[in-house]
J.: 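Take a look at this one; I'll ask things after.
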Amino acid sequence: MATIRYTKDHEYIRVDGDIGTVGISDHAQHALGDVVFVELPAVGKKVAQGGEAAVVESVKAASEVYAPVAGEVLEVNGELEGAPAKVNEDPLGDGWFMKIRIADAAQLDGLMDEAAYAEFLKTLE
Amino acid sequence: MLNNQGRPTQAGEAHGLARETFTGNRALEIDEALIFDQGGFDRTGVDIDEPEEFADRLGGLARKNRADLPGLAEPQAVRHYVRLSRKNYSIDAGLFPLGSCTMKHNPRLNEKMARLPGFADVHPLQPQSTVQGALALMQELSRWLLSSTGMEAVALSPKAGAHGELCGMMAIKAAIVSRGEQETRKTVLVPDSAHGTNPATAALIGFEVESVPAGEDGLVHPAAVREKLGPHVAAIMLTNPNTCGLFEREISEIADAVHQAGGYFYCDGANFNAIVGVARPGDLGVDAMHINLHKTFSTPHGGGGPGSGPVVLSERLAAFAPVPFLRQKDGALTLVEDTEGSQAFGRMTAFHGQMGMYVRALSYMLSHGGDGLRQASQDAVLNANYVRAGLSDLFSQPFGDRPCMHEVLFDESWLKGTDVTTLDFAKALIDEGYHPMTVYFPLVVKGAMLIEPTESESKASLDLFIMAMRDLALRALRGEKERFATAPRFAPRARLDETRAARSPVLKWTARAPVAEAAE
Amino acid sequence: MRYLPHSPQNRADMLARIGVASIDDLFVDIPKDKLIDGLPDLPRHKGEIEVERILSGMAGRNVSAGSVPFFVGAGAYKHHVPASVDHLIQRSEFLTSYTPYQPEIAQGTLQYMFEFQTQVARLTSMDVANASMYDGSTGCAEAVLMAHRATRRRKAVLSGGLHPHYADVVRTVSDMASDAVVTMAPDPLATENIIAAIDKETSCVVVQSPDVFGNLRDLKPIADACHANGALLVAVFTEVVSLGLVTPPGEMGADIVVGEGQSIGNALNFGGPYVGLFATRDKFVRQMPGRLCGETVDANGKRGFVLTLSTREQHIRREKATSNICTNSGLCALAFTIHMTLLGGVGLERLARLNHANAVKLADMLKGVSGVEVLSKTFFNEFTLRVKGDAAAIIEKMAGAGVLGGVPVSRLLPNAGLDDLVIVANTEVNTDDDRAAFVAALKGAI
C-alpha cells in the first residue's frame with residue numbers, strides 16, 4: 001500500500017516498499033505557474049536527503065527540487081521533456097519526476113503526511 | 001526554497017473586439033509581415049560596385065552558398081521599420097513610470113552631439129595624438145562623475161549597469177587578493193530586495209552569496225548586517241536609494257561596520273537619480289558604485305541598450321581600476337591600455353567603453369549644470385511623492401505612508417478579494433495609454449507596483465496619471481474584473497502566450513515547407 | 001533648465017498637496033551631516049548654443065576617419081552605412097523605449113529582435129542566435145563561460161590569432177572566476193598547432209577567423225579535434241562582413257560563434273557602443289547568455305513575439321543565472337538588422353567581394369615597396385605588414401602626413417617583440433587615391 005509524504009519545500013514522495021516516486025505538490029505547481037521545462041537527474045545518480053535532484057522552470061520562476069530522502073535514482077520521467085505541462089495537470093500522477101531507491105526508510109519519519117502538509121500550507125497563507 | 005514568483009503566463013481570454021476590416025488593419029494600426037515573408041532573397045537594396053576580376057586570397061575558404069537573406073529596397077525597408085516602430089510605447093509618446101529604470105526624457109541635443117564626426121567617426125585604435133579631443137571628453141566626463149559622487153577614481157569602460165557591477169566587484173576581489181585574503185573572504189552579503197544582477201555578478205566571479213534580511217520598515221539595519229559580518233565577508237552589495245524607493249537611513253553605520261570587519265561596500269547606483277547634488281556616495285562610505293548613464297544621465301534606453309555603466313571607486317580601490325584609464329603626461333592625455341606596471345585588475349572590453357554614451361551624458365550634464373542636476377533630482381523625488389500623495393488612500397504601501405525617494409512602491413494587498421492581480425492592473429493601464437509601472441519587483445513585496453515618474457513629467461501629466469490610476473483602482477474595487485482580465489484590449493496585441501513560447505521555442509524564422517495551396 | 005517642466009508655482013502647489021513645507025522634508029531619511037548644498041565645483045546650466053560650442057570644440061580636435069585616407073581596423077572597421085539606417089533608429093519609438101517587458105506594446109522591438117536572431121543564425125550557419133551582446137569581446141568571455149557550463153570543465157585554450165584585447169577580457173573574467181586559460185603565443189603567420197593544446201580537461205578552444213592579423217583559418221580540423229576530446233569550438237570574428245565571402249563557422253563545426261557586428265549599421269564611435277553577435281547549436285540554447293525573443297500567439301490567436309526562456313536570466317535565477325547580463329545592445333542591433341535588411345544575402349556578398357578586392361589591390365601595390373612585406377598569405381579585408389623599423393613610429397609619421405595607416409601590433413601586444421608589424425584594413429570606402437596616398441606616406445615614413 002503506497003503512502004505519500006511531503007517536505008516543507010513542497011516535494012512529495014510516494015512510497016511503495018523501498019521505492020519512492022518523487023514530484024512536486026499541487027501547491028508548488030500552482031505557485032510556479034505554467035511549467036515549461038524540467039531538468040532531471042541521470043539514472044544511477046545518488047542523491048542525499050535535501051540535495052538538489054532536479055530543476056523545474058516556469059516562465060517566470062525556477063526552483064530546485066530537493067530529494068525528500070536519500071537514495072539512488074532508478075528511473076526518471078522522460079515524458080516531461082516533451083510535455084512539461086503534465087506537472088501542472090497531474091502533479092501527483094503523470095507529472096512525477098523520478099523514482100528513487102530509498103536508502104534509509106527512517107528518513108521518511110521526518111516528513112509530513114497528507115493532513116500535516118495541509119496544515120502546513122495553511123500557515124503559509 | 002520554492003520560487004513562488006510564478007503567475008499566469010498564458011494568453012487568457014480574448015477581448016472579443018473582432019477585427020472587422022478586410023486587411024485586419026485598423027487605420028493607423030497596420031500589421032507588418034516579417035522581412036522573410038516579403039521575398040527579396042535574390043536582390044539587394046544597396047548599390048555596390050562590382051570589382052574587376054581578381055585572384056582571391058581566401059585560401060580555399062570561400063563561402064559556397066550565399067547567406068539566404070532577403071534584401072529590401074529602401075522604400076520597403078523604411079516602411080517596414082516605420083510600421084514596426086509604431087507598435088512600441090516610448091517615453092516620447094507618454095509617461096513611462098517604470099520603477100528603477102529612470103525613463104526620463106532623452107534630449108535631442110545629445111543625439112546631435114554624439115553624431116559629430118569628431119566623435120562618431122573616430123576609431124579606438126587611431127594614434128592617440130589624433131584623438132586628444134575624445135580623451136579630453138572622457139576626462140571631463142570623469143570630472144563630473146567624480147565631483148557628483150565624491151569618489152576617488154572612475155573606470156569608464158563598463159558597457160552597461162550589470163557590467164559596471166562586475167567591474168566594481170572585480171576591483172573588490174583584486175583588492176582582497178592583494179591583501180592575500182582570497183581564500184578566506186569569499187562571502188558577499190546581498191539583501192533580498194536587490195536587483196537580480198547583484199547576486200548573479202557576485203556568483204559569476206566565485207563569491208558565495210548570503211542574503212541579509214531587511215527590517216519591517218523595508219530598510220537594512222546595521223544589527224542585521226553585523227550578525228553576518230566576519231573575516232569571511234568580502235563585501236556587501238546595497239542599493240541606495242533601495243528598490244523599495246527608500247533611502248537606507250543607516251547606511252553610514254552599515255558602511256562603518258563593513259569596513260571595520262575588513263570588507264568593502266559596493267553600492268548599486270541604479271537609483272542615483274534621486275540624490276544627485278543632494279548627497280554624495282563618497283560621503284556615505286561607498287567603495288564602488290556603478291552609474292547607469294542611461295538612467296541618471298539621460299542616454300536613451302534604445303529598447304534594451306546600449307547602456308553604459310562607469311564605476312566610481314574609493315581611494316581603497318582606485319589602484320585596481322581596469323585598463324584603459326587616462327593619464328595626463330607632458331600636456332597630452334594618454335590612454336593606458338596595458339596592465340603592466342600597474343595594479344589594474346585587467347580589462348572589461350576590447351576598447352574604451354561606450355564613447356557614444358559618454359558624449360550624450362556629458363551633453364546632458366553641461367546642459368543641466370551642477371545646479372540643474374540637483375534640481376532634477378529634487379523634481380524626481382517631488383514627482384514620486386506627488387504620485388504617492390495622490391494614491392495613498394486607495395493603494396497599499398508595504399512600509400507605510402512615508403516620504404519616498406524618486407519612486408513609490410505599492411503592493412497588491414489592496415486588491416485582495418477583487419480577483420484582479422497586479423498583472424491585470426498593469427495591463428489595464430496599457431489601455432489607458434500608459435506604460436505600466438515595474439511589476440513584481442522587488443521580490444520582497446507581493447505583487448509589487450513600483451512607480452518612477454522621473455523629473456520629466458509636468459504636474460498636468462501627473463494629475464492625469466493619478467486620475468487614471470484612481471479610476472482603475474475604483475473599478476477594480478467595484479468588481480469590474482472583466483475589464484482587467486481581458487486587458488489590454490486596444491494595444492497592437494492582446495496578452496501573449498508566454499507559456500507556449502517557452503514550452504516549444506521558436507527563436508528564428510524558417511521557410512515553411514512548400515505545400516499544395518489549400519483550396520479556399 | 002529646458003528639460004524640467006515645473007514652474008516654481010507648480011513645485012509649491014505639489015509640496016502643499018504632499019503636505020510638506022519644503023523639498024528638504026522629502027529627504028529626511030538622508031542623515032543631516034551627509035546632505036550637501038548642491039555641486040558648487042561644477043559649472044552652472046547652459047543653453048544649447050554653449051553646449052554645442054564646447055562639445056564641437058572637443059570633436060574638432062579629433063581626426064575623423066572620413067576626413068583622411070583611412071586604413072585602421074583590428075576589431076572595428078570604417079564602412080559606409082546607408083542614410084536610412086540612422087534615420088530609422090532615431091524614431092522615438094525605437095530610441096526611447098525600454099526592454100520589451102510588456103510585449104503587447106513592444107511588438108516593434110520584439111519583431112526586429114526576432115528578425116535579427118534569424119539573420120545572425122543564417123549568416124553564421126548556426127541553429128540559434130540571441131538578441132545581441134554588449135560587443136564582440138564581452139560576448140567572447142561569455143562564450144567561454146557558457147562552454148564551461150556545457151562541458152562542466154573549466155579550461156579554455158585561446159588561439160594566438162585571437163584579438164589580444166579579446167583574450168585580455170576572457171582572461172580577466174577567468175582569473176576572477178578561478179578558471180584556467182591557456183593562451184597560445186601570438187601567431188601572425190597562422191602556424192600554431194592549437195590541436196596539440198587540447199586535452200580532456202579542455203572546455204573550449206577559441207579561434208578567430210579572419211584572425212587579428214588578417215589570416216583566414218580553417219576551423220574544421222580544430223572542431224574535429226575539439227569534439228574528439230569532448231570540448232567545444234568557439235569561433236570568433238571581428239569583421240562580420242567577411243561572412244559574405246568566407247565559409248561560415250557553422251559549416252566548419254563551430255559550437256558557439258561570437259563576433260563583433262559593428263561593421264554592419266554602426267559607426268566607429270571610438271570603440272562603442274557596438275553590437276556583439278552570439279549564436280550556438282539548439283542543444284545548448286538553455287546554456288546561452290543574453291536575451292532571446294520567441295514567437296507565440298496572443299489571446300486572439302494572432303502571431304506575436306515575447307522575450308522567452310528567461311529563467312536562464314539573473315532576474316529569476318539570481319546567483320544561479322547563466323550570466324549577470326541584463327540588457328542587449330538594442331539600438332545597435334536594430335542598426336545592424338536594418339542595414340542587413342537593405343543588403344540581403346546578395347548585397348552582403350557584393351560588399352564582401354569589394355572589400356576583399358580592395359585589400360588585394362593594396363597588397364599587390366605593396367609588393368614593389370622596399371622595406372615592406374605582406375605577411376598574410378590569406379586574408380579578407382585586412383592583412384599584416386612587416387615594415388623596416390618601428391611600426392608605431394611609422395604609423396605616427398604617416399598620421400603626420402595625413403594618412404591613418406593601420407594599427408601597430410605593439411599597440412595590442414606591447415611586449416611581444418612584434419614591433420615591426422602593422423595591421424592594415426581596407427574596406428569599400430577606400431579609393432584608389434587613398435591607396436596611392438597610403439603607399440606614398442608609407443614610403444615617406446620608412
Side-chain angles (χ1 to χ4, degrees), chain B residues 11 14 44-46 48 51 59 66-67 69 71 81 84-85 87-92 113 116-118 120-125 130 133 159 162 196 199-201 203 205 209 247 302-306 346-347 350-352 354-356 366 369-370 372 389 458-459 491 493-494 501 506 508-509, chain C residues 1 5 10 18 29 39 42 44-45 51 55 58-59 61-64 72 88 91-93 96-97 99 104-105 107-109 118 134 137 165 168 172 176 267 269-273 294-296 298-299 304 308 314-315 318-319 321 324 326-327 329-331 342 344-347 350 357 378 407:
Chain B
T44 175
V46 183
I48 298 163
R66 196 161 68 205
L69 295 170
Y81 290 103
L84 290 191
S85 75
K87 300 176 193 308
N88 275 1
Y89 195 91
S90 63
I91 316 169
D92 283 351
M113 294 298 97
L116 291 172
D121 195 26
V122 178
H123 192 288
L125 298 176
T130 66
K159 298 288 220 174
T201 299
I205 54 173
V209 176
F247 191 89
R347 171 180 280 280
F351 302 119
H352 324 314
Q354 310 285 60
M355 179 66 173
L366 291 169
S458 67
K459 178 172 178 294
R493 284 290 179 276
V506 178
K508 66 175 180 183
W509 179 86
Chain C
M1 295 187 193
N10 287 149
I18 295 166
D29 284 343
L39 299 165
L42 296 172
R44 289 176 59 78
H45 64 278
V51 176
L55 292 174
M58 288 179 179
R61 292 171 56 207
N62 304 319
V63 178
S64 66
V72 187
L88 288 166
R91 295 270 309 176
S92 290
E93 301 89 336
T96 76
S97 59
T99 303
E104 299 88 348
I105 48 172
Q107 285 297 302
T109 296
T118 307
Y134 304 139
S137 65
H165 288 177
D168 287 344
T172 298
M176 288 285 172
N269 285 326
F270 199 47
E295 184 183 313
T296 187
D298 78 354
T308 193
Q314 45 74 28
H315 63 277
R318 298 175 79 83
E319 71 267 22
N324 78 333
C326 181
T327 46
S329 194
L331 212 61
L342 287 161
V346 172
R350 270 186 212 160
T378 63
V407 180

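Because the structure is predicted, anything quoted here is derived from the model rather than measured. In what follows, chains are A, B, ... by sequence order, proteins preceding strands, each numbered from 1.
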J.: Counting distance only, does the side-chain N/O of N269(C) pair as donor-acceptor with the main-chain N or O of G356(B) below 3.5 Å?
T.: no

J.: Considering all heavy atoms of both residues, which atom of E93(C) and which atom of S90(B) are nearest to each other, and what is their separation?
T.: CA-CB, 3.7 Å

J.: Of the listed residues (R66(B), Q354(B), H123(B), M113(B)), which shares the most heavy-atom pairs with chain C below a 4.5 Å separation?
T.: H123(B)

J.: Look up atom CZ in F270(C) and atom CG in L125(B), then write down how far apart they are to the nearest 0.5 Å.
T.: 9.0 Å

J.: Just by distance, do the side chain of T96(C) and the backbone of I91(B) share a donor-acceptor pair under 3.5 Å?
T.: yes

J.: What is the minimum heavy-atom distance between N88(B) and G108(C), and which atoms define it?
T.: OD1-N, 3.0 Å

J.: Output the option from V51(C), V346(C), T378(C) having the highest count of non-hydrogen pairs under 4.5 Å with chain B.
T.: V346(C)

J.: Among G303(B), S458(B), G71(B), which residue forms the greatest number of heavy-atom pairs with chain C at distances under 4.5 Å?
T.: G303(B)

J.: I need the residue from G304(C), P273(C), S137(C) with the largest number of non-hydrogen atom pairs under 4.5 Å to chain B.
T.: P273(C)

J.: R493(B) and D298(C): which non-hydrogen atoms are nearest, and at how many Å?
T.: CD-OD2, 3.3 Å

J.: Flag the one option from P306(B), G372(B), G59(B), A203(B) with the top tally of heavy-atom pairs under 4.5 Å to chain C.
T.: P306(B)

J.: Looking at A162(B), A11(B), G302(B), G45(B), which one has more heavy-atom pairs under 4.5 Å with chain C than the rest?
T.: G302(B)

J.: Measure distances from L366(B) to the heavy atoms of chain C and classify the residue's part below 4.5 Å as side chain, backbone, both or neither.
T.: both

J.: With only heavy atoms counted, which part of S64(C) is less than 4.5 Å from chain B, the side chain, the backbone, both or neither?
T.: both

J.: Can you say whether L55(C) sits under 4.5 Å from chain B via the side chain, the backbone, both, or neither, judging by heavy atoms?
T.: both

J.: Could you check which of T99(C), T308(C), D168(C), V72(C) has the highest count of heavy-atom pairs closer than 4.5 Å to chain B?
T.: V72(C)

J.: Treating T118(C) as the side-chain partner and W509(B) as the backbone partner, does any N or O pair qualify as donor plus acceptor under 3.5 Å?
T.: yes

J.: So what's closer than 4.5 Å to chain B heavy atoms on R91(C): side chain, backbone, both or neither?
T.: side chain

J.: Identify the two heavy atoms, one from Y89(B) and one from S97(C), that lie closest to each other, and give their separation to 0.1 Å.
T.: O-CB, 3.3 Å

J.: Which one of G133(B), A67(B), P51(B), A389(B) has the most heavy-atom pairs closer than 4.5 Å to chain C?
T.: G133(B)

J.: Could you check which of G346(B), P117(B), A350(B) has the highest count of heavy-atom pairs closer than 4.5 Å to chain C?
T.: A350(B)

J.: Minimum heavy-atom separation for K459(B) and N10(C), please, with both atom names.
T.: CD-ND2, 3.9 Å

J.: Between L116(B) and A59(C), which heavy-atom pair has the shortest distance, and what is it?
T.: CD1-CB, 3.9 Å

